[in-house]
Amino acid sequence: MKKMNVKVNVAAALLAGALFVPAAMASTTSVIDFNELTSDDTYFVDPLISGGFNFTNNCISSSNCLGVWGKDHVAQADPGHAAIFVNSGFTITSMNRTDGGTFNLISIDLADAYNTGESSTIDFTFYHSGVATTSQSVTLDNLIGLQTFVFNETNLTSVSWQTSIGDGGYGQFDNVLVSSVPEPEIYAMLLVGLGLVGFTSRRKKV
């Protein structure tokens, strides 16, 4: 009877592991909307940490490179909430996870700095884990408010962007849609779990 209980316990543990690992491997998608920074007044937000990510800008005056328009300011691209504006023209804004992990960038909302509908071109550079680097340019139409740009770039260590044409080199960004990348340990757990399940199944047949 004891042996049977041991087998039942092992089978239950394997089943729990088999259920846990796929759930852990699933990417967690989240939107960084910066709404916790909403204020009546315009102010600067260096350094900026939100949603588990660092956002930095390489302007010379590091204390006021990035800012938030007041929630009711005419330049606020997300009225009543908070979008981040770049306070120095033709500078580079970058983002990376605070824990140094990799991530996927699904999309980001962009607008011109003063929310007047000025067209501009923004150049993105995607730094993938390893040595791969890719780039893409997007163009803001002459529309007031935020415009969504979809990238679906995966396994990133960081992303940077810069307004290269128009809008005085400035800009605004908001609603950064990201997802996590499962850590290597999770894959190792899956392989071990599958191996144990296969071994148990084989023993049953014997």
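Residue numbers run from 1 in the order of the sequence given. Just so it is clear, the structure is predicted and the values come from calculations on it, not from any experiment.
- Tyr114 and Ile122 sit in two unconnected hydrophobic clusters of ILVMFWY residues. Membership requires side-chain heavy atoms under 4.5 Å apart, directly or through other members.
- Counting only heavy atoms from C-beta outward, the side chains of Phe149 and Trp161 never approach each other to under 4.5 Å.
- A side-chain N or O of Glu36 and one of Ser50 form a donor-acceptor pair less than 3.5 Å apart.
- Taken to the nearest 0.5 Å, the OG1 atom of Thr116 stands 11.5 Å off from the CG atom of Leu143.
- Between Leu48 and the options Val68, Leu37, Thr56, a side-chain contact (heavy atoms from CB on, under 4.5 Å) holds for only Leu37.
- The aromatic ring centroids of Phe151 and Phe126 lie less than 6.0 Å from each other.
- Phe53 has its ring centre less than 6.0 Å from the ring centre of Phe103.
- Note on residues 138-162: no pairs pass salt bridge (Lys or Arg N to Asp or Glu O under 4.0 Å), not counting sequence neighbours.
- What you find for Ser129 and Thr102 is that their closest heavy atoms are CB-CG2, 3.9 Å.
- Counting only distance, with no hydrogens or angles, the side chain of Asp167 and the backbone of Gly169 share no donor-acceptor pair below 3.5 Å.
- Of all heavy-atom pairs spanning Tyr127 and Thr133, the tightest one is CD2-OG1, 3.9 Å.
- Interatomic distance, CD1 of Ile144 versus CD of Glu118, reported as 12.0 Å (0.5 Å rounding).
- Here OG of Ser94 is found 10.5 Å from CG of Asn54. Values are rounded to the nearest 0.5 Å.
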Ile106 vs Ser179, test: side-chain contact (heavy atoms from CB on, under 4.5 Å). Steps then yes/no.
CA-CA 7 Å; Ile106 301 169; Ser179 64; 4.2 Å; yes

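- Between Val86 and Thr91, some side-chain heavy-atom pair lies under the 4.5 Å cut-off.
- Just one residue in the list Thr154, Thr134, Asn155, Thr157 forms a side-chain hydrogen bond (donor to acceptor under 3.5 Å, both in side chains) with His128, and that residue is Thr134.
- Using a 4.5 Å cut-off on side-chain heavy atoms (C-beta onward), Phe55 and Ile49 make no contact.
- Put simply, the side chain of Val176 does not reach to within 4.5 Å of the side chain of Val31, judged on heavy atoms.
- Under the rule for a side chain to side chain donor-acceptor pair (under 3.5 Å), the partners of Ser164 that lie at least two apart in sequence or sit in another chain are Asp123.
- Note on Leu156 and Val138: same hydrophobic cluster, where clusters join Ile, Leu, Val, Met, Phe, Trp and Tyr whose side-chain heavy atoms are under 4.5 Å apart, directly or indirectly.
- Gln147 has its side chain out of reach of Leu110: every pair of non-hydrogen atoms, C-beta onward, lies at least 4.5 Å apart.
- In terms of heavy-atom proximity, Ser61 sits nearest to Cys65 at O-SG, 2.9 Å.
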Intermediate values then yes/no, side-chain contact (heavy atoms from CB on, under 4.5 Å), Arg97 and Ser180
CA-CA 10 Å; Arg97 273 175 51 168; Ser180 61; 4.2 Å; yes

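- In terms of heavy atoms, Asp174 sits closest to Ile108 at O-CG1, 3.8 Å.
- Between Ile165 atom CD1 and Ser119 atom OG the span is 9.0 Å, to the nearest 0.5 Å.
- Checked by atom type, the side-chain pair Thr93/Asn57 shows a donor-acceptor distance below 3.5 Å.
- Under a hydrophobic-cluster definition in which Ile, Leu, Val, Met, Phe, Trp and Tyr are linked whenever side-chain heavy atoms come within less than 4.5 Å, directly or via other members, Phe85 and Leu140 are assigned to different clusters.
- Put simply, the side chain of Asn152 does not reach to within 4.5 Å of the side chain of Asn104, judged on heavy atoms.
- A donor-acceptor pair under 3.5 Å is formed between the side chain of Asn87 and the backbone N or O of Asn64.
- Using a distance-only test at 3.5 Å, with no hydrogens or angles considered, no donor-acceptor pair links the side chain of Thr125 to the main chain of Ser160.
- Rounding to the nearest 0.5 angstrom, the gap separating the OG atom in Ser107 from the CG atom in Asn175 is 8.0 Å.
- With hydrogens and angles left out, the side-chain atoms of His73 and Thr42 include no donor and acceptor closer than 3.5 Å.
- Under the 3.5 Å distance criterion, with hydrogens and angles disregarded, a donor-acceptor pair is assigned to the side chains of Asp109 and Thr148.
- Counting all heavy atoms, side chain and backbone alike, Asp112 lies closest to Gln172 at O-NE2, 3.0 Å.
- Under a 3.5 Å cut-off, the side chain of Trp69 and the backbone N or O of Ile84 do not form any donor-acceptor pair.
- Here Tyr170 and Phe90 keep their ring centres 6.0 angstrom or further from each other.
- Judged purely by distance below 3.5 Å, without hydrogens or angles, the side chains of Ser63 and Asp46 never pair a donor atom with an acceptor atom.
- Atom NE2 in His81 sits 10.5 Å away from atom CG in Asp72 (nearest 0.5 Å).
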Check the pair Val178, Ile32 against side-chain contact (heavy atoms from CB on, under 4.5 Å), reporting the backbone distance first and the verdict last.
CA-CA 8 Å; Val178 296; Ile32 307 171; 4.3 Å; yes

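- For the pair Gln76 and Gly70, the tightest heavy-atom approach, listed with the atom from each and the gap, is CB-O, 3.5 Å.
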For the pair Lys71 and Asp40, evaluate side-chain contact (heavy atoms from CB on, under 4.5 Å) and give the outcome as yes or no after the intermediate values.
CA-CA 6 Å; Lys71 65 178 182 176; Asp40 291 331; 2.9 Å; yes

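- Side-chain atoms of Gln136 do not come within 3.5 Å of backbone N or O of Phe124 as any donor-acceptor pair.
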